[in-house]
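To keep things clear, I will list the structure first and then write my remarks on it.
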Amino acid sequence: MTGHQPRRVLVTGAAGRLGRATLDQLHTRGVAATALDLTDPGDLKADRVLVGDTSDVDTVRAALSDVDAVVHCAAIPAPMLDTPENVFGGNTRGTFTVLEQAGQAGVRRAVLAGSQSALGLAFAPVPLAFHYLPVDEAHPLQPADPYALSKQVDEATGAMIARRYGMTVVSLRFPLLGGLDERLPVYAARFAERPEWGAASLWAYLEDRDAAAANWLALTRPLTGFEAIQVAAPDTLAPQPTEELLDRFHPLVPRRAAFPGRTVPLDLRRATTLLAFTPHHP
């Protein structure tokens with residue numbers, strides 16, 4: 001499938017951080033948007049707003065009217081925000097419902113808001129270690145919590161839907177997201193004082209507008225089948241040199257590259273080659 005600009009995009013979880021940034025991106029590009037969320041805050045940049053749950057078939061079918069692409073952001077975004085059953089069951093059922101109904105409706109492109117948490121370390125209740133650095137998309141997934149498992153299953157669902165319907169499905173493994181004037185400075189200050197708090201996520205981050213730009217590229221670049229692609233800023237959110245952080249918190253993990261300065265220990269080459277993605281808001 002060649003890249004193309006969609007006519008109308010369904011954005012789920014539209015009132016959330018990434019959903020709003022994605023609607024802004026579509027609005028700037030003059031692309032019509034349908035917003036789906038559990039509530040309507042009244043200020044979403046979409047000419048169609050539907051209220052409902054992504055696991056409800058009738059709601060999703062209605063939301064997919066005249067849609068030719070989907071950005072699925074809706075999820076319970078951490079394992080402690082609900083019961084384990086609701087985190088895993090709600091996330092995976094919502095993703096399956098959205099993709100299955102999109103496939104039935106003839107949608108040709110879907111983007112999933114995946115997570116670096118699929119690696120398993122971010123919320124793990126037991127000690128886990130990276131197998132090597134920099135982490136790439138082939139790194140083993142080690143889920144030990146219901147959120148991480150839901151993100152792994154979402155990727156398997158995306159791959160199945162790509163085979164089942166011939167749809168192109170891209171799962172973007174996002175790190176910590178935030179704005180330059182609110183969330184990111186808070187975490188940067190935390191990592192400056194307590195760098196161990198960012199060790200499991202390798203101190204990675206991405207600014208909201210860059211995350212939305214990655215969604216747009218995943219919607220429009222010439223791709224086929226299923227792809228899981230990790231995206232992040234090229235630097236870390238910690239002020240300390242990366243090599244010093246790795247010596248302190250991941251001393252036994254084999255390194256396949258050097259990490260000068262504050263280079264993030266993630267392999268971002270697939271984001272560059274497949275998406276031509278370059279963050280602009282460090």
Side-chain angles (χ1 to χ4, degrees), residues 1-37 43-46 67-75 77 108-118 137 151 154-155 158 168-185 187-188 201 203-223 226-237 263-264 266-282:
M1 178 179 180
T2 57
H4 75 291
Q5 179 160 313
R7 294 180 293 64
R8 173 175 291 277
V9 179
L10 168 62
V11 180
T12 72
R17 173 182 298 279
L18 181 57
R20 285 180 176 274
T22 300
L23 289 177
D24 288 344
Q25 178 82 208
L26 296 171
H27 180 76
T28 298
R29 295 180 178 277
V31 177
T34 298
L36 174 61
D37 204 285
D43 63 346
L44 299 179
K45 291 182 180 177
V67 162
D68 60 344
V70 173
V71 179
H72 178 52
C73 303
R108 306 306 301 158
R109 180 73 66 115
V111 180
L112 305 179
S115 176
Q116 185 189 12
S117 297
E137 289 85 352
K151 289 302 179 180
D154 283 353
E155 292 189 359
T168 299
V169 183
V170 183
S171 180
L172 296 178
R173 291 184 185 171
F174 288 112
L176 172 74
L177 300 182
L180 293 179
D181 57 352
E182 36 97 26
R183 198 180 193 201
L184 294 181
Y187 276 84
S201 61
W203 309 275
Y205 77 96
L206 191 62
E207 206 271 346
D208 293 337
R209 290 168 292 179
D210 286 328
N215 276 342
W216 174 255
L217 291 169
L219 280 177
T220 56
R221 289 285 293 174
L223 300 168
F226 172 78
E227 297 285 357
I229 305 172
Q230 61 183 5
V231 289
D235 60 342
T236 71
L237 203 52
T263 300
V264 70
L266 296 173
D267 186 338
L268 302 175
R269 287 178 294 180
R270 281 172 58 81
T272 301
T273 56
L274 295 180
L275 299 180
F277 175 59
T278 301
H280 293 289
H281 301 94

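- A side-chain donor-acceptor contact under 3.5 Å links His280 to the backbone of Thr278.
- A donor-acceptor contact shorter than 3.5 Å links the side chain of Asp37 to the backbone of Ala15.
- Taking a cutoff of 4.0 Å between a charged side-chain nitrogen and a carboxylate oxygen, Asp24 and Lys45 qualify as a salt bridge.
- Remark: Asp154 CG to Leu112 CG distance equals 6.5 Å, nearest 0.5 Å.
- In this structure, the side chains of Leu274 and Glu227 come closer than 4.5 Å at one or more pairs of heavy atoms.
- Between Lys151 and Ser115, the closest heavy-atom pair is CG-CB, 3.9 Å.
- Here the closest non-hydrogen pair linking Ala46 and Ala33 is CB-O, 3.5 Å.
- For the atom pair NE2 of His72 and CG of Asn215, the computed distance is 12.0 Å after rounding to the nearest 0.5 Å.
- When all heavy atoms of Val31 and Arg7 are compared, the pair lying nearest together is CG1-O, 3.8 Å.
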Could you go step by step and tell me if Leu172 and Leu275 meet the side-chain contact (heavy atoms from CB on, under 4.5 Å) rule?
CA-CA 11 Å; Leu172 296 178; Leu275 299 180; 3.8 Å; yes

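- You'll find the side chain of Glu155 reaches within 4.5 Å of the side chain of Arg173, heavy atoms only.
- Between the CG atom of Leu44 and the OG1 atom of Thr34 there is a distance of 11.5 Å, given to the nearest 0.5 Å.
- The closest side-chain heavy-atom distance from Val231 to Phe174 is below 4.5 Å.
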Working note: Arg183 + Asp208, criterion salt bridge (Lys or Arg N to Asp or Glu O under 4.0 Å); need CA distance, chi angles, decisive distance, verdict.
CA-CA 10 Å; Arg183 198 180 193 201; Asp208 293 337; over 6 Å; no

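- Using a 4.5 Å cut-off on side-chain heavy atoms (C-beta onward), Asp210 and Phe277 make contact.
- For the pair Glu182 and Arg17, the salt-bridge criterion is met [side-chain N within less than 4.0 Å of a carboxylate O].
- When all heavy atoms of Leu184 and Leu237 are compared, the closest pair comes out as O-CD2, 3.9 Å.
- Glu137 places a side-chain heavy atom less than 4.5 Å from the side chain of Ile229.
- Distance check: Arg109 CZ to Leu219 CG gives 7.0 Å after rounding to the nearest 0.5 Å.
- Rounded to the nearest 0.5 Å, atoms OG1 (Thr22) and CH2 (Trp216) are 11.0 Å apart.
- Residues Leu268 and Pro234 share a closest heavy-atom pair of CD1-CA, 4.2 Å.
- Side-chain atoms of Gln116 do not come within 3.5 Å of backbone N or O of Gln230 as any donor-acceptor pair.
- Residues Val9 and Val11 form a side-chain contact, since some pair of their non-hydrogen atoms from C-beta on lies under 4.5 Å apart.
- Looking at heavy atoms from C-beta onward, Asp68 lies in side-chain contact with His4 at the 4.5 angstrom threshold.
- Between Cys73 and Ala113 the shortest heavy-atom distance is CA-CB, 3.9 Å.
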Carefully, step by step, assess Asp235 and Trp203 under the rule side-chain contact (heavy atoms from CB on, under 4.5 Å).
CA-CA 9 Å; Asp235 60 342; Trp203 309 275; over 6 Å; no

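- Atom-to-atom distance recorded for Tyr187:OH and Leu177:CG is 10.5 Å, nearest 0.5 angstrom.
- Inter-residue side-chain proximity for Thr220 and Pro6 is flagged as met; some heavy-atom pair is nearer than 4.5 Å.
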